[in-house]
Novice: 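Here it is, the structure, as structure tokens.
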Amino acid sequence: MARRKKEECKKAPAWLTSFSDLMSLLLTFFILLYSMSTLDITKAIKFLSYFQGERAKSFEKFSIVKPVKIYTVDVARKIKRIIRRILPVYGYQIVVTNNYVVIRLFDKILFKENSVELTDRAKKALVEVAKIIKSLPGKYKIKVEGHTSEDEPTKPIPGIYDSWDLSIRRATAVVRFLEKQGVPPNLMEAKGYDYMRPLYRWKNPILQKRNRRVEIYIMLEEPRR
């Protein structure tokens, strides 16, 4: 009786074959994602031409590289994460749009009483804001706006002529401090609006005090490539 020939190697289980196919597909997928991050148009056109029955002879060589972009939401989150450690919740607001971030600092926290001199807490917050501004990878502009309230007294503050003067002095105080921290002065501008742009129009004295503020607009432009 003839002996049964032993199998030289055992057959792989069926699940292992399916698993290997899955791993190969995943590897191909990740390679495709990586290749799409930087696309050489010349090579892509040459590759496609083979399937069209014509071989590419000459193409202008250029490539598309995904730009490095800084998003306003990311900037706003970073600012909020730092400022909330320094200032109380009622001392600031952060507003974000697609094009700019607004840091709104209220008078009670920002300036000493009957003065346009920054408080120590405000200086600590602005130091951190300046660091974030200087670290932005793209082009930017800084606009600082000073605001007053309709019922705000100006006579107790030495050197202040009226509420228009007070609003611009508030803005320039912040700009000058940011400049000392290394923010380029040619990228900043200061404006005063008196009480013409209130946050709250009700005559409630608490809300009127909230109109006394400085707003720092961080306006992002084209990302650096």
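Treat the numbers as computed from the prediction; the structure is a model and nothing was measured.
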Novice: Can you see which heavy atom on Val214 is nearest to which on Gly146, and at what distance?
Specialist: CG2-CA, 4.4 Å
Novice: Has Lys134 got more than 12 heavy atoms of other residues, nucleotides or ligands less than 6.0 Å from its NZ?
Specialist: yes
Novice: Does any part of the side chain of Glu152, heavy atoms only, come nearer than 4.5 Å to the side chain of Leu166, both counted from C-beta?
Specialist: yes
Novice: May I ask you to decide whether Lys203 forms a salt bridge with Glu150, counting only side-chain N to carboxylate O separations under 4.0 Å?
Specialist: yes
Novice: Quick check: do Ile218 and Val102 have side-chain heavy atoms less than 4.5 Å from each other?
Specialist: no
Novice: Between Asp194 and Ser167, is any side-chain donor less than 3.5 angstrom from a side-chain acceptor?
Specialist: no
Novice: How close do Phe111 and Thr119 get, heavy atom to heavy atom, and via which atoms?
Specialist: C-CG2, 3.4 Å
Novice: For Leu26, I'd like to know if atom CG has over 12 heavy atoms of other residues, nucleotides or ligands within 6.0 Å.
Specialist: yes
Novice: Heavy atoms, side chains only, cut-off 4.5 Å: are Lys131 and Lys78 in contact?
Specialist: no
Novice: Please check if any side-chain donor atom of Ser149 sits under 3.5 Å from a side-chain acceptor atom of Arg212, or the reverse.
Specialist: yes
Novice: Would you mind checking if Glu179 and Arg176 are paired as a salt bridge, meaning a charged N to carboxylate O distance below 4.0 Å?
Specialist: no
Novice: Do you know the tightest heavy-atom contact between Val73 and Val96?
Specialist: N-CG2, 3.9 Å
Novice: Which other residues end up in the same hydrophobic cluster as Trp164, if Ile, Leu, Val, Met, Phe, Trp and Tyr are linked when side-chain heavy atoms come under 4.5 Å apart?
Specialist: Tyr195, Met196
Novice: Scan residues 86-113 for pairs that pass salt bridge (charged side-chain N to carboxylate O under 4.0 Å, His left out), counting only residues two or more places apart or in two chains.
Specialist: Arg104-Glu215, Asp107-Arg170, Lys112-Glu117
Novice: Please find the pair of heavy atoms, one from Arg169 and one from Ile160, that lie closest to each other, and give the distance.
Specialist: NH1-CD1, 3.6 Å
Novice: For Leu178 and Leu126, work out which heavy atoms get closest and say how close.
Specialist: CD2-O, 3.8 Å
Novice: Kindly give the heavy-atom pair with the smallest separation between Val183 and Ala130, and that separation in Å.
Specialist: CG2-CB, 3.9 Å
Novice: Say whether Thr97 and Asn99, considering side chains only, have a donor N or O and an acceptor N or O under 3.5 Å apart.
Specialist: no
Novice: Is there a donor-acceptor pair under 3.5 Å between the side chain of Asn211 and the backbone N or O of Leu199?
Specialist: yes
Novice: For residues 72-108, which residue pairs qualify under ring-ring contact (aromatic ring centres under 6.0 Å, His included), counting only residues two or more places apart or in two chains?
Specialist: Tyr100-Tyr217
